[in-house]
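Here is how names work: the chains are called A, B, and so on, in the same order as the sequence lines, proteins then strands, and each is numbered from 1.
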Amino acid sequence: MEERYEAGTVEQRWQRFWEDERTFRVTEDPSRPKYYCLEMFPYPSGRIHMGHVRNYSIGDVVSRYKRMRGFNVLHPMGWDSFGLPAENAAIKHNVHPEKWTLENISFMRDKQLKRMGLSYDWGREVTTCLPEYYRWNQWIFLRMFEKGLAYKKRSYVNWCPSCATVLANEQVENGVCWRCGSVVTHKELEQWFFRITSYAEELLEHTDKLPGWPERVLTMQRNWIGKSVGVEVDFTVEGNGGKLTIFTTRPDTLYGVTFMSIAPEHPMVEKLIQGKPQADAVRAFCQRVMRLDKAVRTDESQEKEGVFTGAYAVNPLNNEKVPVWVGNFVLMDYGTGAIMSVPAHDQRDFEFAKKYGIPVRVVIQNAKKDLDIAAMKAAYIDEGTMVGSGPFDGTPNAAGKEKVADYVQERGIGKRTVNWRLRDWGVSRQRYWGTPIPIVYCDACGTVPVPDKDLPVLLPTDVAFTGKGSSPLAESTSFRETTCPTCGGKARRETDTMDTFVDSSWYFLRYCSPRHDAAPFDKKAAAYWMNVDQYIGGIEHAVLHLLYARFFTKVLRDLGLTDVDEPFKNLLTQGMVIKDGAKMSKSKGNVVDPDFIINKYGADTARLFSLFAAPPEKDLEWSDQGVDGAYRFLHRVWAITHRYHERLRTVRAAGNEARGDRLFRKVHQTIRKVTEDIERQFQFNTAIAAMMELVNELYEYTSKDLPAEKLPIVRRALETVALLLAPFAPHFSEELWRALGRETSIAGEPWPSFDAEAIKESEITLVVQVNGKVRSKLTIAAGLPDREIEAAALADAKVREHTAGKSPKKVIVVQGKLVNIVV
RNA sequence: GCGAGAGUGGCGGAACUGGCAGACGCGCCGGUCUUAGAAGCCGGUGGGCAACCGUGGGGGUUCAAGUCCCCCCUCUCGCACCA
């Protein structure tokens, strides 16, 4: 053993060892319990950042710990490698996206991740931009197409005029493109969609079956899915006999309707204004509203405006005639694009009615105090009794909701419905660097799926990246022109590619059998490994990726490929790494480069610090001095091991015979503490603190000349430190283990167990309080009865001082903790 | 506005079912070693001269409250014209 700890040499040695020994390669083994630990795979941007270091350090502790506990641990890594940055690099630096991506991957894998000493089974690496992976995206797409889960429709989408592509909702930040800052516009395009709404109900219901997920993520998903139960009711348009269908969650207020509002895009608008004097004004209004960007339009602070169409609709419940307005706040893509307005019981309708002088009619009466329309300053939205509602008068409104719904349904003027906020998932992207959509358009046969035998539809490499016009695929004649698989005639390929979220929606299944070439994954392998026991990643994917992955898992289950309903059993959302109180970013100049830290201190220090500075789910404030502290701790462990390793060569580690020894007790207390902290929600920071305490105790224990008979206890302590530290600072621990004369790899050693008997203290220190204030401390034998403890406390000199001769009114004894004397 | 989470020394953070607030680390102060310094090692470190006071503020329950209850303030994150 070297006298000084040189992280670089140590880490290289063990990284080579693990690689040569194939230490972390795994296969299915039904005789052992499996554990699947997964961190969200990275986009190969070129360099890892501190967020990755933290994410992978957390996952690696979990994996190595579970491994030491005897689990067969699947811990894979791969690359989410399709996406815009590669293409932008191509335009800017004239390098092909594939070359750029693959080079980034080898750099990040070989020069960065492998230097962190992560226990990945690199034999399972998955790279989504390779045909062997994306052909299965295409295969799954075709299965979904067959089941009607993938379909094409015209719709309005976010469009960045400068990047010349559709943007996903998440790529639009405050109405501008996340990448170039251009104002995002809307464009009506024919796009492919996945029918995620077919699974809305199950996606929502199963949020109750994920106790291992953070509540806030589940809440975000529930909000996003946005289930809303209500009724559709048909209003007849007076005069032209047309029908206006509205959706409402408040059928109990149907008798209070005083006007209707429809979206400017509503197909009925033209019909309603036909021949009316208002026609031009309405058209102008609609034009003006529709021109606005979605972000502006749906901003709540946007003034609520409307215009009367001149038409009237008839309320089917009371046959009353109410005016139909066009409102700028009515959305065509939610519900039916038309609403009934009840100003007395809806705040927005109330404001609108006040603004335009529309009548207000109370139909839900407040039981405590009658509502007075003239005095009302806001809509009454609380519970009450139905009034002015014909046959329903006197019904409590909660029950009224059901009764009116039944009534409407019986009379055939409407039906119960459920509306979802969740939209179908638009997956088309007008970009090159993604999975080609396996569809061919033939003038004779229409939309034709590419047959399985022709998969993969390869991305052509000989395309031009100009950054102008349409996407390189659309410009590529050789790609676009093909023959129809059905009739053999001339046909053209779909030139859009798939959203990269498709890639990440099932990669965790691919890891189970990454080289399988008959299906996306081997069913048996997946049955053994799935589901993911622990998934770890950033909160930013709370809705998108995590919802899509859940959706895909259910689709694949329904295709008979897997039996699991949910992909991720437990989810840990780790906090951000921040510096000087702000997220690390180039523009703020507060970025800490992982390479720099690893070169200077080694990976073990980088890992240890990022685990020690904060609990995993909280933000971590980066501190250069804190890193020094972690480094110093490893040096301390190294130094004391070095001091004893020669003398310990022939010494066996102490066992039960050492019970009662101070250090031996601390060893076992530490095993318990570290084990509990890992098991209890991965509290690595306190686990590391406990190891530091043990090392501090060890220094104190050895500070005076140590008799030879204590050496077995020192050996036990050092071996335990090495074992407990193994998941956290793996290279370092291997080296200690070797220095202590052990020949095995510590990564395969069983996790130490503690001896409950050894933990027990023979003497305990009790706090003695007088009237709740600490006045003295008592060191007594453990396990004395309350009576004796009380007597000892009352006899204490300092206690007598504070009780001043008064006799105690009450004495509380809490075993092992304190005595409180009340006078 | 609604929902979730948080507020503890100079800093990051501990404190299991109410039971010594501040574990551990950083920083700072002192000692040792050294010609000197760095590193290491050892000791100290919430405030206050003290009685005492201290976990965002104010009430309460309790022998005992960071922890439980009520009211309020601040911050972070999500949702937010969804009919």
Side-chain angles (χ1 to χ4, degrees), chain A residues 4 214-224 226-228 230-231 246-250 253 260-261 263 297-304 327-331 333-342 346-349 351-352 419-422 539-540 542-543 573 575-576 608-609 612-615 617-630 632-633 635-636 639 673 676-677 680 683 685-696 699-700 703 765-777 808-823:
Chain A
R4 256 192 78 78
E215 196 52 43
R216 63 183 184 133
V217 174
L218 295 173
T219 306
M220 281 160 77
Q221 292 216 350
R222 289 181 195 122
N223 285 343
W224 186 268
K227 183 179 184 177
S228 170
V231 177
I246 57 96
F247 172 75
T248 181
T249 55
R250 294 293 305 272
T253 64
M260 310 275 288
S261 309
R297 224 177 122 178
T298 56
D299 181 356
E300 201 188 352
S301 61
Q302 169 90 348
E303 172 98 24
K304 282 150 202 62
N328 66 345
F329 57 89
V330 186
L331 308 172
D333 61 358
Y334 185 81
T336 60
I339 60 173
M340 64 178 207
S341 296
V342 186
D346 180 284
Q347 187 55 27
R348 188 190 48 206
D349 294 346
E351 285 163 24
F352 196 89
N419 256 295
W420 304 91
R421 216 187 75 102
L422 182 70
I539 186 79
E540 65 272 17
V543 173
T573 49
M576 285 188 308
L608 198 64
F609 173 73
F612 176 63
E617 68 285 354
K618 285 183 56 173
D619 284 352
L620 180 152
E621 171 75 31
W622 189 265
S623 152
D624 293 336
Q625 284 153 338
V627 178
D628 283 332
R632 205 167 323 180
F633 169 65
H635 271 282
R636 263 167 85 76
K673 173 77 176 148
E676 282 175 359
D677 285 350
R680 186 166 53 88
Q683 300 298 301
N685 54 332
T686 49
I688 294 167
M691 294 186 246
M692 289 172 167
E693 282 188 60
L694 173 58
V695 171
N696 291 345
Y699 265 80
E700 206 185 312
S703 63
T765 302
L766 287 186
V767 167
V768 185
Q769 299 180 331
V770 177
N771 289 335
K773 288 189 174 138
V774 180
R775 295 303 186 191
S776 183
K777 288 189 182 178
K809 286 196 196 113
K810 194 171 177 184
V811 177
I812 291 114
V813 177
V814 182
Q815 279 291 344
K817 298 275 184 188
L818 55 65
V819 181
N820 190 9
I821 299 160
V822 186
V823 293

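In B:G5 the O4'-C1'-N dihedral to the base is more than 90° from 0, which defines an anti nucleotide.
As judged by a 4.0 angstrom heavy-atom cut-off over every strand, A:Gly226 is placed among residues making no nucleic acid contact. Residue A:Val342 is classed as having no contact, given no heavy-atom separation below 4.0 Å to the nucleic acid. Within the nucleic acid shown, A:Thr249 comes within 4.0 Å of sugar-phosphate atoms alone, with no base atom in reach, counting heavy atoms only. Residue contacts shown for A:Glu676 are absent, as no nucleic acid heavy atom lies under 4.0 Å away. A:Pro615 comes within 4.0 angstrom of the backbone, heavy atoms only, and of no base. Among the atoms of the strands shown, none is found under 4.0 Å from any heavy atom of A:Lys809. Nucleic acid contact class of A:Asp619 (heavy atoms, under 4.0 Å, all strands): sugar-phosphate only.
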Listed pairs under 3.5 Å, donor-acceptor, residues 815-823 of chain A side chains, sequence neighbours left out:
{"unit_1": "A:Gln815", "atom_1": "NE2", "unit_2": "A:Leu784", "atom_2": "O", "d": "3.0"}
{"unit_1": "A:Gln815", "atom_1": "NE2", "unit_2": "A:Asp786", "atom_2": "OD1", "d": "2.8"}
{"unit_1": "A:Asn820", "atom_1": "OD1", "unit_2": "A:Gly772", "atom_2": "N", "d": "3.0"}

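Under the ring pair (Phe, Tyr, Trp, His ring centres under 6.0 Å) criterion, A:Trp622 pairs with A:Phe609, not counting sequence neighbours. The side chain to side chain contact (heavy atoms under 4.5 Å, CB included) test applied to A:Arg348 returns A:Lys304, A:Phe329, A:Ile339, A:Asp346, not counting sequence neighbours. Not a single salt bridge (charged side-chain N to carboxylate O under 4.0 Å, His left out) links A:Lys618 to another residue, sequence neighbours left out. With sequence neighbours excluded, the residues forming a side chain to side chain contact (heavy atoms under 4.5 Å, CB included) with A:Ala338 are A:Leu244, A:Ile246, A:Ile262, A:His266, A:Thr336, listed by chain and number. The side-chain hydrogen bond (donor to acceptor under 3.5 Å, both in side chains) test applied to A:Arg680 returns A:Asp677, not counting sequence neighbours. In terms of the salt bridge (charged side-chain N to carboxylate O under 4.0 Å, His left out) criterion, A:Glu540 has no residue partners (sequence neighbours excluded). With sequence neighbours excluded, the residues forming a side chain to side chain contact (heavy atoms under 4.5 Å, CB included) with A:Asn223 are A:Thr219, listed by chain and number.
Of the P atoms belonging to B:C77 and B:C70, the separation is 27 Å, rounded to the nearest Å. If you take atom P in B:G25 and the same atom in B:C71, they sit 41 Å apart, rounded to whole Å. For B:G37 and B:C52, the C1' atoms lie 44 Å apart once the distance is rounded to whole Å. Across B:C24 and B:A15, the matching P atoms stand 13 Å from one another, rounded to whole Å. Comparing the P positions of B:G56 and B:G12 gives a spacing of 14 Å, expressed to the nearest Å. Comparing the P positions of B:U67 and B:C20 gives a spacing of 13 Å, expressed to the nearest Å. For the P atoms, the distance linking B:G18 with B:G78 amounts to 34 Å, nearest Å. Taking the C1' atoms as reference points, B:G3 lies 49 Å from B:A50, given to the whole Å.
The residue among A:Lys673 and A:Ala630 whose nearest nucleotide of RNA chain B lies closer to the 5′ end is A:Lys673. When each of A:Arg250 and A:Gln769 is assigned the nucleotide of RNA chain B bearing its nearest heavy atom, the one mapping closer to the 5' terminus is A:Gln769.
Going from atom CZ of A:Arg421 over to atom P of B:G78 covers 13 Å, rounded to whole Å. Remark: P of B:G1 and CG of A:Asn223 are 18 Å apart, rounded to the nearest angstrom. Atoms CG (A:Asp624) and P (B:C26) sit 14 Å apart, rounded to a whole Å. Look at CG on A:Asp346: it is 7 Å from C1' on B:A83, rounded to the nearest Å. Atoms CE (A:Met692) and C1' (B:A14) sit 13 Å apart, rounded to a whole Å. Between the CG atom of A:Leu694 and the C1' atom of B:G25 there is a distance of 16 Å, given to the nearest Å. As a whole-Å value, the separation of A:Asn685 CG from B:A14 P is 5 Å. What separates CG of A:Leu620 from C1' of B:G25 is a distance of 13 Å, to the nearest Å.
Taking OG1 of A:Thr573 as the start and CD of A:Glu617 as the end, the distance is 7.5 Å to the nearest 0.5 Å. Distance check: A:Gln221 CD to A:Arg216 CZ gives 13.0 Å after rounding to the nearest 0.5 Å.
Distance alone, capped at 3.5 Å, places no donor-acceptor pair between the A:Tyr334 side chain and the A:Trp420 backbone. Panel note: side chain A:Asn685, backbone A:Ala614; no donor-acceptor pair is recorded below 3.5 Å.
When the nucleotides B:C24, B:G13, B:G19 are ranked by their closest atom to the side chain of A:Glu693, B:C24 comes out on top. In this structure, of B:C81, B:C53, B:G12, it is B:G12 that holds the atom nearest to the side chain of A:Phe612. Distance from the side chain of A:Ser228 is smallest to B:A83 among B:A80, B:G19, B:A83. Closest contact between the side chain of A:Gln625 and the listed nucleotides B:C24, B:C82, B:G27 involves B:G27. When each of B:A83, B:G19, B:C63 is scored by its nearest atom to the side-chain atoms of A:Thr248, the top-ranked nucleotide is B:A83.
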Problem - Contact pattern, 5' to 3', of nucleotides 3-11 of chain B - B, S or - by protein heavy atom under 4.0 Å - result: SS-------
Handout entry: Sugar-phosphate or base contact per nucleotide [nucleotides 38-51 of chain B; S, B, -; heavy atom under 4.0 Å]
Key = --SSS---------
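Looking at every heavy atom in both residues, A:Thr249 comes nearest to A:Ser228 through CG2-OG, 3.2 Å. Residues A:Gln683 and A:Pro615 approach most closely at OE1-CB, 4.0 Å, considering heavy atoms.
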Handout entry: Pairing annotation in dot-bracket form, given for RNA chain B with Watson-Crick or G-U pairs under 3.5 Å and | for cross-strand partners
Key = (((((((..(((......[....)))((((((.......))))))((....))..(((((..]....))))))))))))....
Practice task
Check the pair A:Val767 / A:Arg775 against side-chain contact (heavy atoms from CB on, under 4.5 Å), numbers first and verdict last.
Solution key: CA-CA 8 Å; A:Val767 167; A:Arg775 295 303 186 191; over 6 Å; no
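Contacts between residues 816-823 of chain A and RNA chain B, defined by a heavy-atom separation below 4.0 Å, involve A:Lys817, A:Leu818, A:Asn820, A:Val822, listed by number.
One N or O donor and one acceptor, one from the side chain of A:Lys304 and one from the base of B:C81, sit under 3.5 Å apart.
You'll find the side chain of A:Glu303 stays beyond 4.5 Å of the side chain of A:Asn328, heavy atoms only.
One finds a salt bridge joining A:Glu215 and A:Arg222 here, because a Lys/Arg side-chain nitrogen approaches an Asp/Glu carboxylate oxygen to under 4.0 Å.
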